[in-house]
Every structure is written in C-alpha cells, then in structure tokens.
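A short write-up of the structure that comes next.
Every chain is numbered from 1 and lettered A, B, ... according to where its sequence line falls, protein lines coming before strand lines. Model, not experiment: these values are computed from the prediction. The figures that follow rest on heavy atoms only: side chains count, while hydrogens, waters and symmetry mates do not.
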Amino acid sequence: MSDDLNFVMKARREKLAALEAAGIAPFAYGFDPTHDTAAALRALPPEAEEGPVVRVAGRLVAWRPHGKTVFGHLADQASRIQLYFRRDDLGEDVFRLVELLDLGDIIGVSGPLFRTRTGETTVRVASATLLAKSLRPLPFGKEERVDGRLVRHSGFADPEQRYRQRYADLAVHPEVRRRFVARSRMITAIRSYLDGLGYLEVETPVLQPQYGGAAARPFLTHHNALDMPLYLRIADELYLKRLVVGGLERVYEIGHDFRNEGIDRTHNPEFTMLEFYEAWADYEVMMDRVEALLVAAADSVRAVLAPDRLSAEERLVLPDDSFVHVPEFRPPFPRVEWVPSLNAAAGMDVMALEPASLRQLAERLGVNAVATLNRPKLLDEIFQVLVEGKLDTPTFVVDYPKELSPLAKPRRGNAALTERFELFARGKEMANAFSELNDPIDQRARLEAQARLKAAGDEEAVGVDEDYLRAMEYGMPPMGGVGIGIDRLFMYLTGASNIRDVILFPTMRPE
RNA sequence: GACCCGGUAGCUCAGCUGGUAGAGCAACGGACUUUUAAUCCGUAGGUCGCGGGUUCGAGACCCGCCCGGGUCACCA
C-alpha cells in the first residue's frame, strides 16, 4: 500500500467521523482500570459462573460480530480476555456505536465477569470507552488452539517489516513483547548484582575527541560550535578507568558503543555494552565476578521465558515455540591457556614461527587476505579458527600474548603474556577482561606501538591518548576490568540467531 | 563483499513451458442475541519492487538497479 488512504483506512475514517458525530471523543486522555487482563481472568473462581465487575483496558485483537451480539478479545501487556457485547444489555444506541469499533482499537470496558457456555472467562460489557481509534489496520493473524497449542494463521511474517515497524510487531506478537521484557529483566539483574557489590553506575562520554579502548572503526561526526571532529565511542573503557584514578573504586556503565562496520546477524552498528572496573582486583577476581553475573543474568531470563515459570494467563497468549530453554551456567567454567591451547591445536610452537611460516599457516587454515594482516592479527585469526570457534560450553581463555592486548597488565612470571581472559560460548566471545595495565610508562610504549600499526594502515588500531596517560601518571590503582556485550549475551541465553531479534529498533536502510 | 532465495490486494500466499491477475483472511453491504481461525450470501480492492530490453503479447524471459532474508567471508 502506498501511504495515501486505501479503502480500509477510508472505512475507518468514516467510522471515526460517525463516532464523532455521535459525540464520542475518539482519542481519550486516560482510563482507570481495576484489573489487568490476567488479574481479571483470575478474579473469576474456577467453578464460578458469575464474578465481580472489572474495568480493563487494552487493544481489540479479535472481533466477532453476530448480529445483535459481538464477541471480541481485549489484550493488554499481561494477557487477554474475552468481551461480550449484547444489544439487550447495552441498549440500541450504545450498540450502534459498538458496531463502529474495529480490530486494533484501544478501548476500556467495564462489566461483570461470567463464564460462557464453552467455559471461557468473559467480561459482559456494561459500558465501553473508546480510548484510541485505530485508523491503520494492524497485521493481525488469526489464532486457534489445536490440542492446547496456539496456532497462527496468516499474520505478520515479513521480517523486514517486523524490524522496521517494531511497534506493529510488538502489538500483534505477545511473544516478542515477552522477549524484550526478558531483556530488560536481565539488565536489571546485572545492575542489581553489581550494585550489591557496591559498584556505582556512571555515565561517560559518547562523543569523544579521541576514541579508544577497543579495536574498531569509529563513526565520525562534527561539532559545529567547537568546529571540531568528534567520534562516537567504540568502548567505555578509558573513561571508566579514569574514574578509578579519581577514587571511584567500583564503577560500571551499561550503554551503547558504535562501530562503523558491516551489519549481519551478529553485528549492529550500535550495541549495548556492559563494562565494569574494580580497584584492588586482578583478573582472577574478575573471573569470579563474570561467573556470578552470568548466573544471575541467566536466572533472570529464565524467570521470564521458561515455560514452567509462566502463569496460565501468560501462557494463554504465547505460542508454544516461543518458550525458551535458557542454558544453565555452572561455575566454575573451565579455563584454557591461550598459547598452549593454540600450540596443541596447531601441533607446533606457533609463537616461535617466522613471519613467513605464520602466513603460510594462516593461508592453510583458510584465513582471508593474509597478506594484509600484521602479526597480532594473524595470531588472532589463527586462534579464532583453531580454538575459539570450537569452544561450545562456556570456557575462559586466559593469558593472551602481549601484542594482542595493549591495555592489559603483563602476566606475572611471563612478560610475553598478559593477564587477560575472554569467555567463549558456542564459539562466540561473551566477555573480555584483564588485570588492567596501570604502569604509565609501559602503557605509553604500547599505545605508541598501536599508533605505528595505525600509521601502517591498520584502521582498527588506536592512537596515543595523552589525557588517559596523564590520568595514569597520577597513579592508577591496580584493578580488574570486564566488558560484556549485552546483546550477544541475551542472544546466547535465548537462542536467538539474529541480533535484530534482540534489539528493539535495529539499524536499517531507510525505506 | 560473494553466493543463494525472495519482493504479486492491508496481511499470508498461488500464478504450469510467456496469452494481459487469483485464493484465504482483513474491509464494505446483508443474515445471525453464548461465539472464539464464528458461519452463510454478496461487493469492492492490484503502476505484479524500479528502469530498460526481447516479443504480436511479459507478473513470468534477458540486462541493470533498489530493498530484504539466508549462508559464507570480514568484524580481537
């Protein structure tokens, strides 16, 4: 449909005009429900035929006129309940207005509960209030119960339109609402875990004169008044660690990072990152934190999405295939060391290879564009193929080579390594953490090495952040730090295969 | 970025080797006072993603483009 009025929308505008002519205000200011639909369903005892009067509000999601009666279903966030409009109850004048209602209208009703002949709890509508007229048809499908399973017919299936018009996707798919409720609860659980440890939630700049803290291509923008370029942050890390210098000993931030890279089923240009930093802790402590945090996150998601946790009223509106088995995290997670695991998988001492042999190995493993990669990148690629991709159950990879980790402290007892770990599950990175480098002289040398890579054409290498070095020179407490991609964590917990399914408004090309 | 699949009514889809568009639902009109994918009768609704080409004739075939989905690659 083009955006001009098609015949369906014309019909709705005509009904709108008819309602207005009858003195009905089609867009209300509020309503005062006594129950949500789930509470209303519970208010009629199982064997009772008649129940109390309830006031409920929501969207009409089914509409079945039968001459002098109408059956409909009213849905709110909790569940849905059947409505019964009867001309003899409402009077001819009111019933004529009921006939001007449409699927998708938002209404409030009140009336006593009763049980229909087929046993369904229903509101015998005594009065109805139009709260918002729906002028554009929502893509409702039809639903039926087959052996207790909810089966959808037709409906709203085009994934593009579902992402673009998430409001419509949410309006017609209770299970999509449910998924985002679960995501929100997961973030609440993470906050509450960190808050319980005395962490302070903070906000650091999204617009940064110099980006850093990760290896990625940034978005570039411009500030008019200052007439200067600004980057959208690719990580929170360097600002959070500045705060620890300032004496805020436990800080975290949950916010969006922005990376100017491709879009696919695991990448959205903006995504939600959790980072937390804890003074006096090393990476061993942070492994404990990550384990406990993931258990809390998984429990919170399970509480919303596991079938045995849902009430009967909630189950009523959810198709069976929307129930999710949330994986159990069982700490402690196994640990594998970076260099030994790589050497074992490769059958040779990879770190000792000459550049030419290293390239050969990468070629043999199917790494692309080998010629353009520097040594750290080559190592990382080889590791990804041989080790990371094969880690299915949650596993910590520990002690990364120094050249891969410009912000991590050297490993005690082996200065070629760093005290860094990443957590992998189903072949995907779930967390990245280290004992944070707090030696400003070492840090300067590492950043200068990065700057040389950048000058040599590595678009993801970062430059020297003088202000960050200045902060560190004042004295930075030893600390552990962790970064966790919230979208990917939630994907893992819910079995989602596309990041767009866990982001309310994923980045799309304009229509 | 490569490859595969797709874009036809508001929604979900059909349309055989080319003969000028179809169903169900939604909508509109009618019947129906306990239905629940309500049912029954009738009506209306389409630049067949966009542009070019082949052809007497293109939704279908060819070329280009746009948009999307999937797979792979890239992305510490």
Practice item. Scan A:Y84 against the nucleic acid and name what it touches under 4.0 Å (heavy atoms): base, sugar-phosphate only, or nothing. Key: base
Exercise for review: Among B:rA27, B:rC72, B:rU35, find the nucleotide with the atom closest to the side chain of A:H66.
Suggested key: B:rU35
Exercise for review: Kindly point out which of B:rG70, B:rU12, B:rA38 is positioned nearest to the side chain of A:R64?
Suggested key: B:rA38
Exercise for review: Please tell me which of the listed nucleotides, B:rU35, B:rA37, B:rU12, lies nearest to the side chain of A:T116?
Suggested key: B:rU35
Check your understanding: Is a side-chain donor or acceptor of A:S79 paired with a backbone partner of A:E313 at a separation under 3.5 angstrom?
Key -> yes
**Study point:** B:rA76 pairs with, by Watson-Crick or G-U criteria that keep both distances under 3.5 Å
**Key:** none
Exercise for review: For side chain to side chain contact (heavy atoms under 4.5 Å, CB included), just list the numbers for A:T418 and A:R411, CA-CA rounded to whole Å, side-chain angles, deciding distance to a tenth of an Å, and then say yes or no.
Suggested key: CA-CA 4 Å; A:T418 54; A:R411 174 90 172 98; 5.9 Å; no
Study note, to complete from the structure: Quick note, A:R164 side chain, CB onward, closest among B:rA76, B:rU34, B:rC67 is B:rC67
Revision key, fill the gap. Taken to the nearest whole Å, CG/A:D380 to C1'/B:rC74 is 13 Å
Point to revise | Pairwise P distance, B:rG10 and B:rG49 [rounded to whole Å] | key: 13 Å
**Study point:** Ring center gap for A:Y231 and A:Y211 short of 6.0 angstrom
**Key:** yes
Study note, to complete from the structure: If pairing means Watson-Crick or G-U wobble with both distances under 3.5 Å, then the partner of B:rG24 is B:rC11
Review point. Would A:F140 and A:W63 count as a close aromatic pair, with their ring centres under 6.0 Å?
Key: no
Point to revise | Counterpart base for B:rC61, defined by Watson-Crick or G-U wobble contacts under 3.5 Å | key: B:rG53
Check your understanding: Considering only side-chain heavy atoms of A:F71, which listed nucleotide, B:rU34, B:rG10, B:rU33, is closest?
Key -> B:rU34
Study note, to complete from the structure: Side-chain atoms of A:E160 come closest, of B:rG68, B:rC25, B:rU33, to B:rG68
Practice item. Please work out if A:R115 contacts a base, only the sugar-phosphate, or nothing of the nucleic acid, heavy-atom cut-off 4.0 Å. Key: nothing
Review point. Paired with B:rU71 by Watson-Crick or G-U wobble geometry, both distances under 3.5 Å: which nucleotide is it?
Key: B:rA2
Check your understanding: Which of these nucleotides, B:rU12, B:rA76, B:rU35, is closest to any side-chain atom of A:Q384?
Key -> B:rA76
Check your understanding: Looking at A:Y400, is A:R420 sitting on its ring face, NZ or CZ under 6.0 Å from the six-membered ring centre and within 45 degrees of the normal?
Key -> yes
Exercise for review: Classify the angle between the aromatic ring planes of A:F333 and A:F396 as parallel (below 30°), tilted (30 to 60°) or perpendicular (above 60°).
Suggested key: tilted
Exercise for review: Would you indicate which nucleotide in B:rC11, B:rC74, B:rU33 comes nearest to any side-chain atom of A:E381?
Suggested key: B:rC74
Review point. Counting side-chain heavy atoms from C-beta on, which of B:rU71, B:rA27, B:rU34 comes nearest to A:R265?
Key: B:rU71
Practice item. Please state whether the phosphate of B:rU35, meaning OP1 or OP2, lies under 4.0 angstrom from any side-chain nitrogen or oxygen of A:R117. Key: yes
Review point. Do A:T69 and B:rU34 have a side chain to base donor-acceptor pair shorter than 3.5 Å?
Key: no
Practice item. Write down the partner of B:rA44 under the Watson-Crick or G-U wobble criteria, each distance required to be under 3.5 Å. Key: none
Point to revise | Cation over ring face, A:R124 and A:F114, 6.0 Å, 45° | key: yes
Review point. NA contact type, A:D264, heavy-atom cut-off 4.0 Å: base, sugar-phosphate, or nothing?
Key: base
Practice item. Examine B:rA31: is either OP1 or OP2 under 4.0 Å from a nitrogen or oxygen in the side chain of A:K68? Give yes or no. Key: no
Check your understanding: Nearest of B:rU33, B:rA76, B:rU12 to any side-chain atom of A:A157?
Key -> B:rU12
Practice item. Please check the phosphate of B:rA27 (OP1 and OP2 only) for any side-chain N or O of A:K10 closer than 4.0 Å. Key: no
Check your understanding: Hey, is the side chain of A:Q82 pairing donor to acceptor with the base of B:rU35 inside 3.5 Å?
Key -> yes
Practice item. May I ask which nucleotide in the shown strands pairs with B:rG18, Watson-Crick or G-U wobble, both distances under 3.5 Å? Key: none
Check your understanding: Hey, does A:F140 reach any base, or is it just sugar-phosphate, or nothing, if we go heavy atoms under 4.0 Å?
Key -> nothing
Check your understanding: Roughly, in whole Å, what's the span from CG in A:L83 to P in B:rA38?
Key -> 14 Å
